[in-house]
2 protein chains.
Amino acid sequence: MGEKSKVVSIDGIKVACANCSLATLCLPYGLESQDVERLENIVKRNKPIQRGQLLYGPGDHFRSLYVVKTGAVKTFTQTPAGDEHVIGFHLPGEILGLDAIQDNQHGCFAKALETTAVCELPFEKLEHLATAIPGLQHQMLRLLSREVSAEANMISLLNNSTAEERLASFLLSLSERFRRRGFSPTDFFLAMSRQDIGSYLGLALETVSRLFTRFQEQGILEVDRKHVKIKDLEHLKQLLRHHTPCHASLNRSS
Amino acid sequence: MGEKSKVVSIDGIKVACANCSLATLCLPYGLESQDVERLENIVKRNKPIQRGQLLYGPGDHFRSLYVVKTGAVKTFTQTPAGDEHVIGFHLPGEILGLDAIQDNQHGCFAKALETTAVCELPFEKLEHLATAIPGLQHQMLRLLSREVSAEANMISLLNNSTAEERLASFLLSLSERFRRRGFSPTDFFLAMSRQDIGSYLGLALETVSRLFTRFQEQGILEVDRKHVKIKDLEHLKQLLRHHTPCHASLNRSS
DNA sequence: TTCCGTCTTTGACCCAGATCAAATGGAACT
DNA sequence: AGTTCCATTTGATCTGGGTCAAAGACGGAA
């Protein structure tokens, strides 16, 4: 049965990067297959964690990056008073812990929103491997850079958008992320609470709730608890046409 | 006189990374001196650009990262309607263009706020060098990670803070950055307009102006146009004690 | 020196969304 | 079925800061 080999087998299908449906979203993207093999030799696959369990917390020594394999994770900080500030939500294929490379310790909590499996990437080994595999180094830099861009977009959203635009943007982001993972882009379940969404978007949870109601009244959505159906994707997109930065500018003035 | 050597000489002092007062803030930090030398062989030092000139714009092909050597740069996007959204301000030793690694093109404008000299780091050469110098690879990852952390802080600030807290935080950030560069942390000139500050902090320029007035009335600052003197640093710090995330949490609940 | 354009300050008003409060509805128990 | 505990919805009210408007104040050009 080969149970002792480095990669676990289930029905003859290796649980390995090479066979992972998320590979194109993840670290192995663009690597030669023999390099992917070297990468998966350092990946640790622990048993799934349950809803509410922490992957790490602020102050924890940084040893590994984590990639969500199944499930969903939220990252957040906490004030001394005890209230949470949600930093982000992480779906399958998305990397956690990039902010900790900086000073070798985590700066926030990472908590499972549902039963979640993660791939653990011991960072020292990863870094060492990256010196030997230029493509891996490049991909790591790209992932970090993507995170920087994504956060810059978030900052722009928070700076320049109404509550309506923020929620529309959030839903469209989820929709697109589900689509790329092969799920329905118009029919999905929210892993997080209204409170979490509000905290993430800088809104009161009541505002989030009211907006869901309004979007439903306008025929944009059908909402039932955590279940969201997008009925009018175009309308949703239209809601944030206004404040999108202009990336198509070709002419230049001093 | 050795004018033809790779590094320009002025009064016998090389304009080179090894002698640069910003080295500890910049890419060479932590590298062996022979590695610093290899790094500075790929650095291009062009002539300074004038206030208002662009370093790059959205859509420009990404070739190089830039480090501000003297002066100040703002990065921003522009809506089709033509109004700017400031993303950040960059002081000497700070890196520009990290968000462009992702898709090989710049996503925003970078404009000099005053006469500015930058060091240009051709990215392909840098990446190639990083495979040969593990310390350089590590430092690059650290810099990217620091950017991620800094932006996460910004997001938290925008999500959870009042106008007063935002401006206090901005001034303290400038103060600290000047201090680390050997300038006075309590007496400096703002390179950017009230408009720019407002855009950066998600506030109307009028609000920024009113806050400067109020801080002055409260004896926290003395403000004269672009000139800022911090009279009561502690008071300023106190203004944002409340909403700071708790990084000292040691206990853990499920 | 005056003129002009831009940046900044100050005042008056208003609204999106926060806050407070209460009712409603599931889900997981016994 | 009933009870408890949350999460969510809905309503009523309030306010921080945006918007509009106008008046300085500086700096550069001629």
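Throughout, a chain's letter reflects where its sequence line sits, starting with A, and its residues are numbered from 1. Below, all heavy atoms of this structure are taken into account, side chains as well, without hydrogens, waters or symmetry copies.
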_Between dG17(C) (P) and Leu201(A) (CG): distance, integer Å_ = 12 Å
*Could you check how far CZ of Phe189(B) sits from C1' of dG27(D), rounded to whole Å?*
15 Å
*In whole angstrom, give the distance that lies between atom CE of Met192(B) and atom C1' of dT6(C).*
18 Å
_Is the shortest side-chain heavy-atom distance between Gln105(A) and Asp60(A) below 4.5 Å?_
no
*Return no unless some side-chain N or O of Arg194(A) is found under 4.0 Å from OP1 or OP2 of dT9(D).*
yes
*Return the set of residues passing ring-ring contact (aromatic ring centres under 6.0 Å, His included) with Phe62(A) (not counting sequence neighbours), or none when no residue passes.*
His106(A), Phe123(A)
*Scan Ala163(B) against the nucleic acid and name what it touches under 4.0 Å (heavy atoms): base, sugar-phosphate only, or nothing.*
sugar-phosphate
*Ring centroid separation for Tyr200(B) and Phe170(B), is it under 6.0 angstrom?*
yes
*Take Arg225(A) and Ala204(A), find for each the nucleotide of DNA chain C with the closest heavy atom, and name the residue whose nucleotide sits nearer the 5' end.*
Ala204(A)
*Can you find a heavy atom in the side chain of Glu84(A) that is under 4.5 Å from one in the side chain of Lys74(A)?*
yes
*How close or far is atom C1' of dC7(C) from atom NE2 of His227(B), stated in whole angstroms?*
18 Å
*Cationic N near anionic O, under 4.0 Å, Lys231(A) to Glu222(A)*: yes
*Roughly, in whole Å, what's the span from CG in Leu158(A) to P in dG17(C)?*
13 Å
_Gap between atoms CG and P, on Leu203(B) and dT9(C) respectively (whole Å)_ = 14 Å
*Around atom CZ of Phe183(A), are there more than 12 heavy atoms of other residues, nucleotides or ligands at under 6.0 Å?*
no
*Looking across every strand, which nucleic acid part, if any, lies under 4.0 Å from Gly198(B) by heavy atom: base, sugar-phosphate, or nothing?*
nothing
*Indicate whether OP1 or OP2 belonging to dT8(C) is found under 4.0 Å from a side-chain N or O atom of Lys226(B).*
yes
*Figure out the CG/P separation between Leu167(A) and dT8(D), and round it to whole Å.*
13 Å
*Specify the residues of residues 205-219 of chain A, ordered by number, for which at least one heavy atom lies under 4.0 angstrom from an atom of DNA chain C.*
Glu206(A), Thr207(A), Arg210(A)
*Would you please say whether a donor-acceptor pair under 3.5 Å links the side chains of Thr75(A) and His90(A)?*
yes
_Whole-Å distance separating the CD1 atom of Ile197(B) from the P atom of dC7(C)_ = 13 Å
